[in-house]
Amino acid sequence: MNEFQNLRFEKREQIAYVTINRPDKLNALNQAVMGELREVFTQIKDDPEVRVALLTGAGEKAFVAGADINELNKNNPVEAKAYTHKGQAVLDLIENLGKPVIACLNGYALGGGCELAMACSFRLASENAKLGQPEVKLGIIPGYGGSQRLTRLCGKGAAYELCLTGEMVSAEEAQRIGLVNHVYEPADLLPAAEALAKKIIANAPLSVKFTMEAIERGMEMPLVEGQYIETTLFGLLTATEDMREGTRAFLEKRPAQFRGK
Ligand code: COA
């Protein structure tokens with residue numbers, strides 16, 4: 001099943017598991033990894049069997065320790081512009097997948113790794129995770145949307161602190177500033193992500209999809225326009241079979257059987 005060189009990919013019970021697999025380089029994002037991430041998430045987007053994706057890093061040390069500094073060091077300005085543009089498109093694909101993606105941060109999530117995590121819908125971290133945007137220490141700035149997503153996710157103060165000091169924060173501190181949702185002991189990270197995925201999978205598929213649309217699109221709009229999107233999607237959902245089933249099941253005091261219709 002696995003056609004990738006730098007990723008492990010499998011599907012079980014409507015969950016896609018994607019593991020970035022360069023543990024000897026702390027899963028650093030080179031062009032090959034980025035190309036394969038684009039490929040795998042395009043497959044996941046189009047695969048009706050997959051409802052939720054889990055993204056993690058191989059080994060025990062890192063989710064992703066950033067863009068590949070060996071490649072960066074050789075880039076000329078024109079290549080660097082093209083690569084960051086391409087990389088941003090991969091993260092945009094993940095953010096706008098129409099399906100929840102849960103980042104499981106099992107160690108370092110630095111630079112491009114932190115940016116990749118921020119493009120996901122959820123960030124769950126193990127206690128040993130360390131997050132940061134250390135680009136300023138390398139004479140660059142975040143290039144995969146970090147300066148933008150971090151500001152939107154955690155506010156300007158936290159974005160300045162992380163991006164200007166380049167220092168790493170602990171999983172606990174990352175949770176305090178809203179950069180990660182939850183923190184677990186390392187052995188509990190994947191089971192917790194699976195439990196979260198299963199809770200989402202049990203809900204009405206179109207409700208999940210339209211909630212994501214309302215949140216993602218609404219973020220970029222004035223409140224009044226975002227609320228208009230919300231009310232339109234709300235109205236649309238009342239025409240679905242799952243809405244009838246969900247409300248009927250509640251009244252009949254039984255679990256709903258959703259069909260995504
Ligand atoms: N790009 C390329 N290679 C990387 C890398 C990156 N971003 N991060 C780690 N590696 C490589 C190291 O060069 C080393 O390779 P080697 O064994 O061939 O020498 C290997 O991964 C292990 O890393 P090492 O530095 O020996 O591990 P450590 O436990 O001492 O330190 C870090 C871990 C994460 C603190 C350190 O690797 C680091 O600071 N990495 C760069 C983080 C960064 O600046 N990311 C943003 C890039 S824009």
Side-chain angles (χ1 to χ4, degrees), residues 4-8 18-38 55-95 103-120 123-151 153-154 158-175 177 179-180 183 186 189:
F4 300 102
Q5 306 296 313
N6 300 284
L7 304 177
R8 293 202 303 261
V18 178
T19 307
I20 301 173
N21 193 17
R22 286 185 85 202
D24 54 328
K25 296 290 175 194
L26 305 188
N27 305 315
L29 300 172
N30 61 12
Q31 292 303 309
V33 173
M34 293 304 281
E36 292 190 2
L37 283 173
R38 184 181 55 230
L55 176 62
T56 193
E60 314 213 315
K61 276 183 77 174
F63 170 66
V64 167
D68 191 306
I69 298 173
N70 287 307
E71 282 188 358
L72 267 180
N73 177 253
K74 297 185 189 94
N75 275 181
N76 67 40
V78 173
E79 285 167 349
K81 179 172 181 289
Y83 288 156
T84 48
H85 189 64
K86 250 167 87 178
Q88 287 179 355
V90 176
L91 270 61
D92 289 349
L93 168 71
I94 292 171
E95 186 167 53
C104 301
L105 310 180
N106 55 321
Y108 294 111
L110 302 174
C114 189
E115 293 174 295
L116 179 60
M118 287 191 287
C120 296
R123 282 150 299 284
L124 308 187
S126 62
E127 283 168 347
N128 66 329
K130 290 207 183 314
L131 293 85
Q133 295 292 157
E135 290 85 352
V136 73
K137 292 178 185 282
L138 298 169
I140 48 176
I141 66 169
Y144 288 163
S147 62
Q148 306 305 303
R149 287 198 177 91
L150 185 54
T151 311
L153 201 56
C154 303
Y160 271 134
E161 192 165 330
L162 266 75
C163 295
L164 296 189
T165 66
E167 295 293 314
M168 300 181 213
V169 293
S170 64
E172 193 185 14
E173 174 66 0
Q175 186 183 26
I177 64 174
L179 182 51
V180 305
V183 180
L189 180 62

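Source: prediction; values computed, not measured. Note that these values count all heavy atoms, side chains included, but never hydrogens, waters or copies made by symmetry. In what follows, residues are counted from 1 in the order of the sequence shown. Indexing begins at 1, ligand by ligand and atom by atom, following the structure's order.
- There is no protein heavy atom less than 4.0 angstrom from atom 25 (O) of ligand 1.
- Using a 4.5 Å heavy-atom threshold, the side chains of N27 and V33 count as separate.
- The protein heavy atom nearest to atom 9 (C) of ligand 1 is L26 CD1, 3.8 Å.
- Open room surrounds CD on Q5; 12 or fewer heavy atoms of other groups in view lie less than 6.0 Å from it.
- Within a 4.0 Å radius of atom 41 (C) of ligand 1, the protein contributes one or more non-hydrogen atoms.
- Protein heavy atoms are absent from the space less than 4.0 angstrom from atom 30 (O) of ligand 1.
- For atom 13 (O) of ligand 1, no protein heavy-atom neighbour is present inside the 4.0 Å cut-off.
- Some N or O of A67 is nearer than 3.5 Å to an N or O of ligand 1, by distance alone.
- Evaluated by nearest non-hydrogen atom to atom 45 (N) of ligand 1, the leading choice among P142, G146, A65, G111 is A65.
- Atom CD of E172 is surrounded by 12 or fewer heavy atoms from other residues, nucleotides or ligands within 6.0 Å.
- Judged by distance alone, the side chains of N128 and S126 do bring a donor and an acceptor atom under 3.5 Å apart.
- Looking at C120 and I94, their side chains come closer than 4.5 Å, going by heavy atoms from C-beta outward.
- In this structure, D24 is part of the shell of residues with a heavy atom less than 4.0 angstrom from ligand 1.
- Looking at K130 and E173, no side-chain N of the basic residue comes within less than 4.0 Å of a carboxylate O on the acidic one, giving no salt bridge.
- Put simply, the side chain of L37 does not reach to within 4.5 Å of the side chain of L93, judged on heavy atoms.
- Here the heavy atom of the protein found nearest to atom 1 (N) of ligand 1 is I69 N, 2.9 Å.
- In the candidate list M168, K61, E115, K137, K61 is nearest to atom 27 (O) of ligand 1, counting heavy atoms.
- For D92 and R149, the salt-bridge test passes: some basic side-chain N is under 4.0 Å from an acidic carboxylate O.
- Taking the side chain as every heavy atom from C-beta outward, D68 and R22 approach each other to under 4.5 Å.
- Residue-level proximity to ligand 1 for L138 is carried by the side chain, the only part with a heavy atom below 4.0 angstrom.
- Put simply, NE2 on H85 and OH on Y144 are 12.0 Å apart, with the number rounded to the nearest 0.5 Å.
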Stepwise side-chain contact (heavy atoms from CB on, under 4.5 Å) check, N21 with E36:
CA-CA 11 Å; N21 193 17; E36 292 190 2; over 6 Å; no
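- Atoms of ligand 1 found under 4.0 Å from any heavy atom of D68 (numbered from 1 in listed order, with element): 1 (N), 2 (C).
- The protein heavy atom nearest to atom 5 (C) of ligand 1 is A28 CB, 4.1 Å.
- The proximity of L110 to ligand 1, defined as any non-hydrogen pair under 4.0 Å, is limited to the side chain.
- Of all protein heavy atoms, the one lying nearest to atom 19 (O) of ligand 1 is K25 NZ, 4.5 Å.
- Regarding atom 46 (C) of ligand 1, its nearest protein heavy-atom neighbour is P134 CG, 3.8 Å.
- Within the 4.0 Å heavy-atom cutoff, G112 does not count among the residues contacting ligand 1.
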